[in-house]
> 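Just passing along the structure, written as structure tokens.
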Protein chains: 2
Amino acid sequence: MSGMDKCKLMIVDDHDMVRAGLRTYLMLEPKFDVIAEASNGLEALRMLRNSAPEERPHLILMDLMMPEMDGVEATRMIMKEFPELKIVMLTSFLEDEKVVAAVEAGAVSYVLKTVSAEELIYALSGAVKGMPVMTADVSQALTRGLRQRTTQGADEGLTEREREVLLLIAEGQSNKEIAEELHISIKTVKTHVSNLLMKCELEDRTQLAVLAHRKGWVKTG
Amino acid sequence: MSGMDKCKLMIVDDHDMVRAGLRTYLMLEPKFDVIAEASNGLEALRMLRNSAPEERPHLILMDLMMPEMDGVEATRMIMKEFPELKIVMLTSFLEDEKVVAAVEAGAVSYVLKTVSAEELIYALSGAVKGMPVMTADVSQALTRGLRQRTTQGADEGLTEREREVLLLIAEGQSNKEIAEELHISIKTVKTHVSNLLMKCELEDRTQLAVLAHRKGWVKTG
DNA sequence: ACCGTACTCCGTCTAGAGACCGAGGCCCGC
DNA sequence: GCGGGCCTCGGTCTCTAGACGGAGTACGGT
């Protein structure tokens with residue numbers, strides 16, 4: 001896009017009031033034009049698919065935590081179908097893993113919701129050009145998260161079934177309970193657990209449960 | 001306050017943009033007048049203390065999660081010093097424990113950030129009269145949280161030593177490792193673990209680890 | 001046809017977990 | 001002094017967890 005055009009924005013956040021706040025923020029900068037809003041990732045994706053190319057936004061302000069489809073997953077899918085779009089991730093919390101996941105998914109920038117209007121506009125202006133604008137704490141989280149990833153990177157070598165078992169372990173269930181819940185024998189559960197321990201390089205189920213909670217793989221964590 | 005007066009509001013939230021959104025929400029209803037804003041509980045408390053009684057707000061819209069002092073703690077302290085104020089808790093997440101804590105601290109209502117402007121104004125109008133306005137999911141969370149509290153309310157019947165052991169279990173350590181770290185014998189560790197299981201009404205160390213993470217008793221959780 | 005991966009199940013075996021019993025030392029309040 | 005709570009340690013016992021080896025099925029790619 002040329003420097004004189006208006007930059008078309010899409011806001012994706014499940015909180016009405018956050019969207020309202022963003023709109024007032026963006027009113028300060030006339031070059032940004034909010035042309036669409038969605039309340040979750042899936043809705044955003046559908047809106048993009050159902051719109052003509054010239055109607056699509058240039059930039060998407062995407063919340064990280066949303067129902068239906070979260071920001072990381074939505075970013076991944078949107079970047080696959082519409083790689084020309086720039087996505088800025090917006091979030092309340094600064095979690096190392098999430099920052100890494102967002103950047104890996106294709107987000108240009110990662111902005112905390114504590115930003116002022118000026119800071120946000122600065123970050124968006126950079127993002128339009130594909131330039132990430134990160135505050136010091138975000139970039140620290142990014143490097144910290146990457147370092148953790150490489151040292152204990154056993155994130156996704158897990159089977160679907162193994163992930164199921166892991167989640168149940170993280171709920172505090174015994175092998176017997178897991179076997180009943182999944183309709184398999186205890187022996188099979190033990191096999192899965194052994195494989196999990198081997199892949200994650202841990203020693204017992206308690207450490208698996210701790211890992212799952214630390215990584216945020218379990219809901220009520 | 002009489003029905004004709006304007007209702008003076010204070011907004012407490014660490015996110016600039018949420019405050020901006022709330023202001024635009026409240027512009028729809030002229031009887032509400034936002035007279036003050038704070039970005040955390042401590043700041044709100046200080047503002048109240050440094051203001052004359054006639055300058056103080058009638059109603060406070062308080063975010064739950066904030067730096068410095070969170071919404072529950074702030075509510076507790078504000079209600080102690082200014083019991084005539086009504087406080088509406090505002091949050092992104094529906095956690096049973098938090099709802100109970102908020103109500104116990106003295107909040108009139110508990111509102112999710114997903115509300116629309118109309119719903120928020122309705123809730124605030126009720127809160128002014130001291131009437132809690134809860135959506136179905138919030139009241140469900142409240143009753144669920146209260147039930148959990150009574151059934152497994154063994155939050156603080158734990159000994160100092162037991163808490164130490166619990167934290168190490170929540171780190172994924174074995175009895176032997178815990179014994180070495182605390183310089184006691186394995187037998188003693190087993191005693192503490194048994195007492196923990198009895199007091200928390202759980203069945204094994206993995207469930208203890210899960211409990212500790214769920215309750216947020218461990219840092220990297 | 002062959003190989004690789006995922007999922008399933010079986011038996012055996014060892015070490016740890018946890019229950020249940022008891023006991024001694026310590027400190028504090030009655 | 002005496003009781004009670006906390007921390008400590010011991011023994012015995014049962015059961016689960018997990019390791020290890022083997023094996024069958026199914027599905028998909030080469």
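In this text, all values refer to a predicted model and were calculated from it rather than measured experimentally. Naming: A, B, ... by sequence-line order, numbering from 1 per chain.
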> What's A:Glu160 touching, base or sugar-phosphate or nothing? Going by heavy atoms closer than 4.0 Å.
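Sugar-phosphate contact only - A:Glu160 comes under 4.0 Å of backbone atoms but never of a base.
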
> Shortest non-hydrogen contact from A:Arg161 to A:Leu182?
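What the structure gives for the nearest pair is NH2-O, 3.3 Å.
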
> Would you mind reading off the distance between B:Arg205 atom CZ and D:dG18 atom P, rounded to a whole angstrom?
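Interatomic distance, CZ of B:Arg205 to P of D:dG18: 11 Å.
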
> Check B:Asp63 with B:Lys113, please: is the shortest side-chain N to carboxylate O separation under 4.0 Å?
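So B:Lys113 pairs with B:Asp63 through a salt bridge.
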
> Strictly below 4.0 Å, N to O, side chains only: are B:Glu104 and B:Arg76 in salt-bridge contact?
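So B:Glu104 does not pair with B:Arg76 through a salt bridge.
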
> Can you name the closest pair of heavy atoms from A:Val18 and B:Met17 and give their distance?
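Closest approach of A:Val18 to B:Met17: CG1-SD, 4.0 Å.
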
> Roughly, in whole Å, what's the span from CG in A:Leu197 to P in D:dA17?
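In whole Å, D:dA17 P and A:Leu197 CG are 12 Å from each other.
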
> Report the distance from atom CG of B:Asn195 to atom P of D:dC9, rounded to the nearest whole Å.
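B:Asn195 atom CG is separated from D:dC9 atom P by 14 Å.
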
> Return the value, rounded to whole Å, for the distance between atom NE2 of B:His192 and atom P of D:dG5.
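So the NE2-P distance, B:His192 to D:dG5, works out to 17 Å.
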
> Rounded to whole angstroms, how far apart are CZ on B:Arg161 and C1' on C:dC27?
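To the nearest whole Å, that distance equals 16 Å.
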
> side-chain contact (heavy atoms from CB on, under 4.5 Å), that's the test. Do A:Lys86 and A:Val128 meet it? Break it down for me.
CA-CA 7 Å; A:Lys86 310 291 186 190; A:Val128 173; 5.8 Å; no

> When we call it a touch if two heavy atoms are under 4.0 Å apart, what does B:Thr159 touch: a base, just sugar-phosphate, or nothing?
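If one applies the 4.0 Å heavy-atom cut-off, B:Thr159 turns out to touch the sugar-phosphate alone, with no base involved.
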
> Which nucleotide in the set D:dG18, C:dT8, C:dG18 lies at the smallest distance from any side-chain heavy atom of A:Thr191?
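Nearest listed nucleotide: C:dT8.
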
> Atom CD of A:Glu162 to atom P of C:dT8: distance rounded to whole Å?
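Rounded to whole Å, this separation is 10 Å.
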
> With a cut-off of less than 4.0 Å, is there a side-chain N or O of A:Ser194 near OP1 or OP2 of D:dA19?
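For A:Ser194, the contact criterion (side-chain N or O under 4.0 Å from OP1 or OP2 of D:dA19) is met.
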
> I need the residues from residues 173-186 of chain B with at least one non-hydrogen atom less than 4.0 Å from DNA chain D; give them sorted by number, or say none.
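Heavy-atom cutoff 4.0 Å gives B:Ile184, B:Ser185.
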
> Looking only at side-chain N and O atoms, does B:Thr191 offer a donor or acceptor that is under 3.5 Å from a partner on B:Ser194?
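Judged by distance alone, the side chains do not pair up.
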
> Between B:Ala170 and B:His213, what is the shortest heavy-atom contact and its length?
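Minimum heavy-atom separation between B:Ala170 and B:His213: O-CE1, 2.9 Å.
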
> Just the rounded figure in Å: distance from P of D:dC20 to NZ of A:Lys187.
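Whole-Å distance recorded here is 16 Å.
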
> Rounding to an integer number of Å, can you tell me how far A:Lys190 NZ sits from D:dT16 C1'?
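That distance rounds to 7 Å.
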
